Structures are given as C-alpha cells and as structure tokens.
Amino acid sequence: MRTYRTLDTLIQEKLATAENRAAYLDIAVEDYVETGDEAELLLAIRQVVQAGIGFAKLAEETGLSRESLYKTLSGKGNPKLKTIKEILAALGYTLYFKKQSA
C-alpha cells in the first residue's frame, strides 16, 4: 500500500535547516506586507517553531504556556506585539521597523 505524506509533513521536511526556516519567514513577512493576512504569518511562524525549537522549548524561553503559544500561533490568535517579539527572539530573530521610502 502506498504511503502519502501530508502537506504539513512536507513543509516540516523543507524547514529542517535554519537557512530554510529563515528564508520561509522572509517570504511570509513579504506576503504579510503585501496582503495584510495575519493568519498566514502566524501559521508560518508556527511551522518554523515546530520545525525548529518546538513548542516546549519556546514556552520555556518565552515564559508563556504551550497552550497559549498554540492558540497565539493558530492563525486565529490575536497576539500582542510584545508576544510576537518574544516568540521571534526565541527563534533568533529581531523585530524592527523601517520607514518606507517616498
């Protein structure tokens, strides 16, 4: 019998390296800037967490519960900017803003 992989499994395989996770987040941020789709960005961060440090380690590093993190990154969450900043910091990223050129 043939075994099929799920889309989530394929994404996790592609995100196995730190370089691929960084590129994936770059694309997710670019898409967010273009579309404003917060759910898509949160789900991309969730996939990077799953492929990288995992939710247990993320909870330990941010001081937030795993349940709270799952909800926050569910695509239906409405996280505070501070929470996103803490999550990204735990993943090794910095949140910053830059002025658009005229």
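Model, not experiment: these values are computed from the prediction.
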- Task: Find the distance between CD1 (I11) and CG (D8) and round it off to the nearest 0.5 Å.
- Result: 6.0 Å
- Just how far is it from atom CG of L69 to atom CD of E61, taken to the nearest 0.5 Å? 11.0 Å
- Message: Hydrophobic clusters here meaning ILVMFWY residues chained together by side-chain heavy-atom distances under 4.5 Å, can you tell me if I27 and Y96 are in one?
- Response: no
- Message: I'd like to know if L10 and Y4 are part of one continuous hydrophobic network [Ile/Leu/Val/Met/Phe/Trp/Tyr, side-chain heavy atoms within less than 4.5 Å].
- Response: no
- Rounded to the nearest 0.5 Å, how far does CG of L25 lie from CG of N20? 11.5 Å
- When every non-hydrogen atom of R66 is compared with those of A59, the smallest separation belongs to CG-CB, 3.7 Å
- Message: Show the nearest heavy-atom pair for residues R5 and E13, with the distance to one decimal.
- Response: NH1-OE1, 2.5 Å
- Message: Under the salt bridge (Lys or Arg N to Asp or Glu O under 4.0 Å) definition, can you give me all pairs with a residue in residues 22-39, not counting sequence neighbours?
- Response: none
- Query: Does any pair with a residue in residues 69-89 pass side chain to side chain donor-acceptor pair (under 3.5 Å), and if so which ones, sequence neighbours excluded?
  - Reply: none
- Could you check if a side-chain atom of L42 sits within less than 4.5 angstrom of a side-chain atom of I84, using non-hydrogen atoms only? yes
- Taking all non-hydrogen atoms of both residues into account, name the closest pair between L73 and L43 and its distance. O-CD2, 3.7 Å
- Could you state the interatomic distance from CZ (R46) to CG (L58), rounded to the nearest 0.5 Å? 11.0 Å
- Message: Measuring only between side-chain heavy atoms, which start at C-beta, is L95 closer than 4.5 Å to L81?
- Response: yes
- For residues A22 and Y93, report the shortest heavy-atom separation together with the two atoms involved. CA-OH, 3.1 Å
- Separation between CD (Q12) and CG (L7), nearest 0.5 Å, reads 10.0 Å
- Item | Over all atoms of both residues, closest heavy-atom pair of Q50 and F55 | CG-CE1, 3.6 Å
- Message: When you compare the side chain of T94 with that of L88, does any pair of heavy atoms fall below 4.5 Å?
- Response: no
